Amino acid sequence: MPSLFDLSMHFFLQMAVVLVVCRLVLPVFRWFGQIRVVAIMGAGFLLGPSAFGAIWPAGQQWLFPATLEIEGTSSTHPSLAILYVVGQLGLVLYMFLVGARFRTEIFAAHVRVAGVTAAAGLLVPMLLGGAVGWVLAGNDGWFADGVARWQAVLFVAAAIAITAFPMLAWMIQECGLADTRVGTMALACAASDDAVAWILLATVVAGSAGSMNGALLAVGGTAVFVGFMLTVGRRLLRPLDRRSAPDRDGLPVSVLLVVLVVVLVCAWFTDLVGVYAVFGAFVAGVAMPRGQMLDTLRARTEPLVSGLLLPAFFVFTGLQTDLGLLLVPAALLVTAVVLVLSFGGKFGAVTLAARYQGMSWDEAGALGAFANARGLTELILLTVGLTEGIITPALYTVLAVMAFLTTLATTPLFRWFDNRARARGREFGPEGEGASVSAAMPGDLVPASAAPEAG
């Protein structure tokens, strides 16, 4: 059993390697038109058994040990547990920052359009995913022993319907769309769709434990939590901004402490009720008062969260993905079917629903492209399914590949619709697609001043 000193020393080396690999692969992904978050996701896969492990198995297993053998008994290696916890902390803090950027006034102005679009982007993929789950449940190798067919149906339905909420926020920020209708609606649709997907997952987990109390707790607890935070909680937090009067430091330590406690307690509570920490952290960000305090907090914490803590999660998920499991005809067929249904169901449903609600084809297509990204949130769901003994590593890998490829397609697809709009002298704004007011060329994705540092 490694000592605490050994674990900490090994963790320092792991994170150093992670940061170096993220930096090395970033120019490659940039060359293919991808943004930084997709490069970090790709780095996680490269450090797993499918790439690093295939080239140098002994080195990969030494640097990122997954299991620990003690007297013939295998258990999760403490080093892997540390990566998981650090990655979860990064997720929680990042989702808080996402909520802190959420433009509720834009969402309120387009709530009907967002509601119809979110419903279409949820129901159609759920039906398609449920059908896939029904078929796979009748075959061995995809779900763990004892998993009922209805549980398989709900799990795959959630996996197909989910959207990469945290990654989507990152994409929207890097594309300069945080203050636009398409960006705000994409986040709103992702939030509502993912909340339903988490409740479905809680139902599956509760069913595997032999009790449906967990599902009821998830639904009731989520409703109470959101209602409290957006009413009473918001009023209680309002004085925080007034206490952050301009001074040399800009953010009093007492205010920072209160904010961190609120975020962590919200994450703990939503984990407790079964909707998972990322949702609670997002709602905490939405409930925070807008002003100098939040602006200063974001500016000081975003580089640390996105540059150090969040990559640990991608490495953890990459260690669970083994592409060698797909090198059989049946697995390749399932992967192809899942890809087609996932892409067509999400992108097609959201695009058509948005167009039906009055959006232009370009804006509707851009919204559909963003909704089709599943990366980070999908990996969270798959990790829960694997650790809870619901799915097998084979199905985990199939759905992880789907998550990576649909996320990889998001930015190029959005760029295509954005360039089409710019070619007609239009751009995406707070009220939708309008006449361009900038001198940006059609090939530009976002003005340099609006894009965050490339990292």
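One-based numbering along the sequence shown. In this text, all values refer to a predicted model and were calculated from it rather than measured experimentally.
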| query | Can you name the nearest heavy-atom pair linking Leu26 to Ala39, along with the distance? | reply | CD1-CB, 3.8 Å
| query | Can you tell me how far the CZ atom of Phe313 sits from the OH atom of Tyr94, to the nearest 0.5 Å? | reply | 13.5 Å
| query | Going through the distances and angles, do Gln60 and Leu47 end up as a side chain to side chain contact (heavy atoms under 4.5 Å, CB included)? | reply | CA-CA 7 Å; Gln60 196 271 340; Leu47 290 171; over 6 Å; no
| message | Counting C-beta onward and ignoring hydrogens, is there a side-chain heavy-atom pair between Trp361 and Thr351 closer than 4.5 Å? | response | yes
| message | Minimum heavy-atom separation for Leu386 and Pro393, please, with both atom names. | response | CD1-N, 3.9 Å
| task | Measure the CG-CG distance between Leu308 and Leu89 for me, rounded to the nearest 0.5 Å. | result | 10.0 Å
| query | So among Phe45, Phe64, Tyr84, which one has a ring-ring contact (aromatic ring centres under 6.0 Å, His included) with Phe316? | reply | Tyr84
| task | Determine the minimum heavy-atom distance between Val350 and Gly368, stating which atoms define it. | result | CG1-CA, 3.7 Å
| field | Exam field: side chain Arg290 to backbone Met288, donor-acceptor pair closer than 3.5 Å | value | yes
| query | So, the side chain of Glu378 versus the backbone of Ala400: is there a donor-acceptor pair under 3.5 Å, distance only? | reply | no
| message | Leu405 vs Leu339, test: side chain to side chain contact (heavy atoms under 4.5 Å, CB included). Steps then yes/no. | response | CA-CA 8 Å; Leu405 293 180; Leu339 273 173; 3.7 Å; yes
| field | For the student: nearest non-hydrogen atoms of Leu63 and Val17, plus distance | value | CD2-CG1, 3.8 Å
| remark: Closest non-hydrogen atoms of Gly307 and Leu19, given as atom of the first, atom of the second and distance, are O-CD2, 3.0 Å
| message | Show every salt bridge (charged side-chain N to carboxylate O under 4.0 Å, His left out) that has at least one partner inside residues 344-361, sequence neighbours left out. | response | Asp193-Lys346
| If only atom types and distance count, is the side chain of Arg374 paired as donor or acceptor with the main-chain N or O of Ile160 below 3.5 Å? | yes
| field | Any Phe417 side-chain heavy atom under 4.5 Å of Val182 side chain | value | no
| query | Can you list the steps and then say if Val124 with Leu128 is a side chain to side chain contact (heavy atoms under 4.5 Å, CB included)? | reply | CA-CA 6 Å; Val124 174; Leu128 296 175; 4.2 Å; yes
| task | Flag the pair Phe29 / Leu408 as yes when at least one side-chain heavy-atom distance between them is below 4.5 Å, and no otherwise. | result | yes
| field | Chi angles and distances behind the side chain to side chain contact (heavy atoms under 4.5 Å, CB included) call for Ile40, Leu310 | value | CA-CA 9 Å; Ile40 296 176; Leu310 203 54; over 6 Å; no
| query | Taking atom OG1 of Thr270 and atom CE of Met229, what is their separation to the nearest 0.5 Å? | reply | 10.5 Å
| said: Could you measure the distance from the CD1 atom of Ile162 to the CE atom of Met126? Nearest 0.5 Å is fine. | reply: 11.5 Å
| task | Work out which heavy atom in Thr163 is nearest to a heavy atom in Ala371; give both atom names and the distance. | result | OG1-O, 3.2 Å
| query | What distance do Ile391 atom CD1 and Leu399 atom CG have between them, rounded to the nearest 0.5 Å? | reply | 6.0 Å
| query | How far does CG of Leu264 sit from CZ of Phe96, to the nearest 0.5 angstrom? | reply | 10.0 Å
| said: Quick check against the 3.5 Å criterion: does Gln61 have a side-chain atom that pairs as donor or acceptor with the backbone of Gly53? | reply: no
| query | So do Val286 and Arg234 actually touch side chain to side chain, heavy atoms under 4.5 Å? | reply | yes
| Does CZ belonging to Phe404 count more than 12 external heavy atoms closer than 6.0 Å? | yes
| query | Is the closest side-chain heavy-atom distance between Met15 and Leu83 below 4.5 Å? | reply | yes
Pair up each side-chain donor or acceptor in residues 130-147 with any protein partner under 3.5 Å, not counting sequence neighbours, and list the distances.
| from | atom 1 | to | atom 2 | distance (Å) |
| --- | --- | --- | --- | --- |
| Asn139 | ND2 | Val135 | O | 2.8 |

| Taking the side chain as C-beta and beyond, is there a heavy-atom pair between Val273 and Phe279 under 4.5 Å? | no
| Beyond-backbone contact of Val259 with Leu297, side-chain heavy atoms, under 4.5 angstrom | yes
| Beyond-backbone contact of Cys266 with Phe225, side-chain heavy atoms, under 4.5 angstrom | yes
| field | Phe52 and Trp56 aromatic ring geometry - parallel, tilted or perpendicular at 30°/60° bounds | value | perpendicular
| field | Whether Arg415 side chain and Thr410 backbone form a donor-acceptor pair below 3.5 Å | value | no
